[in-house]
Amino acid sequence: PPRPKVVLRPRLIERLNEGLSSGRKLTLISAAAGFGKTTLVSEWVAGCERPVAWLSLDEGDNDITRFLTYLVAALQTIAANIGAGVLGVLQSPQPPPIESILIALLNEITTIPDNFVLVLDDYHVIESKPVDEALTFLLKHLPPRMHLVIATREDPHLPLARLRVRGQLTELRAADLRFTPSEATDFLNQ
């Protein structure tokens, strides 16, 4: 939930909404620690009229099986039956190739009737090439009803340039997240 006494940032909320309404696949919020990335996304999703699945990442999520398990669990907060078969396959002694697991998951995601948002917070802790590759595959085949938001301290190893050129990326960087003079005044007065 959003924090009390948060500095409202309607100019940034408007940019996030514009990226969502324009049908872009990915919103990337990338800046150093302390720029308010998580706070901004929390404020935005609180007013978002779409269901939101949120996954806060940590170092242990570099394991592809654990990452996908938690990703499915996050998605199940908006559609309880999504990925049940995928979870079973992930826990088998010899799971199939990741791509076939992702295809099955994508097929299930397409059955979600409403537009929704998936937030991956603290993506900078991910240093795993298999996780980056899985997310790249998901982005490439992202169902139209799904919008991905990544909050991170550094750019992920994803095809950002390709998404940017194709108009499928909304970006908020440190320069965007810096307080304006009026926002700084609000912050200091609170």
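For the single chain, residues carry numbers from 1 onward in sequence order.
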Apply side-chain contact (heavy atoms from CB on, under 4.5 Å) to K129 and H157, showing your working. CA-CA 8 Å; K129 188 173 180 180; H157 299 287; over 6 Å; no
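- Judged purely by atom type and a 3.5 angstrom limit, K25 uses its side chain to pair as donor or acceptor with the backbone of K140.
- Of the possible polar contacts, none joining the D63 side chain to the G60 backbone as a donor-acceptor pair under 3.5 Å is found.
- Between L40 and I13 the shortest side-chain heavy-atom distance falls below 4.5 Å.
- At distances below 3.5 Å, not a single donor-acceptor pair connects side-chain atoms of D122 with backbone N or O atoms of S56.
- Expressed to the nearest 0.5 Å, how far CD of E133 lies from CG of L158 amounts to 10.5 Å.
- A 4.5 Å side-chain heavy-atom check between R50 and L20 finds at least one atom pair inside the cut-off.
- At a threshold of 4.5 Å between side-chain heavy atoms, the hydrophobic network of Ile, Leu, Val, Met, Phe, Trp and Tyr places V45 and F116 in two separate groups.
- A heavy-atom distance below 4.5 Å is found between the side chains of K37 and R153.
- Shown here is Q91, whose CD atom has more than 12 heavy atoms of other residues, nucleotides or ligands within 6.0 Å.
- No continuous path of ILVMFWY side-chain contacts below 4.5 Å connects V41 to I126, so the two sit in separate hydrophobic clusters.
- When every heavy atom of P130 is checked against every heavy atom of S128, the shortest pair comes out as CD-OG, 3.1 Å.
- Here the CD1-CG distance, from I150 to L139, works out to 6.0 Å after rounding to the nearest 0.5 Å.
- The minimum heavy-atom distance linking S42 with W54 is given by the pair OG-CH2, 3.7 Å.
- Side-chain heavy atoms closer than 4.5 Å link hydrophobic residues (I, L, V, M, F, W, Y) into clusters, and following such links, possibly through other members, connects L26 to L138.
- By the 30° and 60° cut-offs, the orientation of the rings of Y123 relative to F67 is perpendicular.
- The CD atom of Q168 sits 9.0 Å away from atom CG of L142, with the distance rounded to the nearest 0.5 Å.
- The two residues P143 and L106 have their closest heavy-atom pair at CD-CD2, 3.7 Å.
- Under a hydrophobic clustering in which Ile, Leu, Val, Met, Phe, Trp and Tyr are joined whenever their side-chain heavy atoms come within less than 4.5 Å, directly or via other members, L28 and V117 fall into different clusters.
- Rounding to the nearest 0.5 Å gives a distance of 6.5 Å between CH2 of W44 and CG of N17.
- Under the 4.5 Å side-chain heavy-atom criterion for ILVMFWY residues, no single connected hydrophobic cluster contains both I29 and L135.
- Salt-bridge annotation for D176 and R9: absent, with no side-chain N of the basic residue lying under 4.0 Å from a carboxylate O of the acidic one.
- Taking each heavy atom of L118 and A74 in turn, the nearest pair found is CD1-CB, 4.5 Å.
- When each of D61, V131, L105 is tested with L71 by the rule side-chain contact (heavy atoms from CB on, under 4.5 Å), just one qualifies, namely L105.
- Side chain of T152 to main chain of S30: no donor-acceptor pair is present (N/O by atom type, distance under 3.5 Å, no hydrogens or angles).
- Between I64 and the options I98, D132, I101, L90, a side-chain contact (heavy atoms from CB on, under 4.5 Å) holds for only I98.
- Looking at heavy atoms from C-beta onward, L16 lies in side-chain contact with T27 at the 4.5 angstrom threshold.
- To the nearest 0.5 Å, the span separating CG on N115 from CD on E49 amounts to 11.5 Å.
- One N or O on the side chain of R145 and one on the backbone of T110 form a donor-acceptor pair closer than 3.5 Å.
- Residues I109 and M146 share a closest heavy-atom pair of CG2-SD, 4.0 Å.
- Taking the side chain as every heavy atom from C-beta outward, T69 and L87 approach each other to under 4.5 Å.
- More than 12 heavy atoms of other shown residues, nucleotides or ligands fall within 6.0 angstrom of atom CZ in F179.
- Nearest heavy-atom pair across R24 and H147 is O-ND1, 2.7 Å.
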Check step by step if side-chain contact (heavy atoms from CB on, under 4.5 Å) holds for H141 and L102. CA-CA 10 Å; H141 303 285; L102 294 173; over 6 Å; no
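- Judged by distance alone, the side chain of Q76 and the main-chain N or O of I82 form a donor-acceptor pair under 3.5 Å.
- Sparse packing is recorded around CD of E14, with 12 or fewer heavy atoms of other residues, nucleotides or ligands lying under 6.0 Å away.
- The environment of NE2 in H124 is crowded: more than 12 heavy-atom neighbours from other residues, nucleotides or ligands sit within 6.0 Å.
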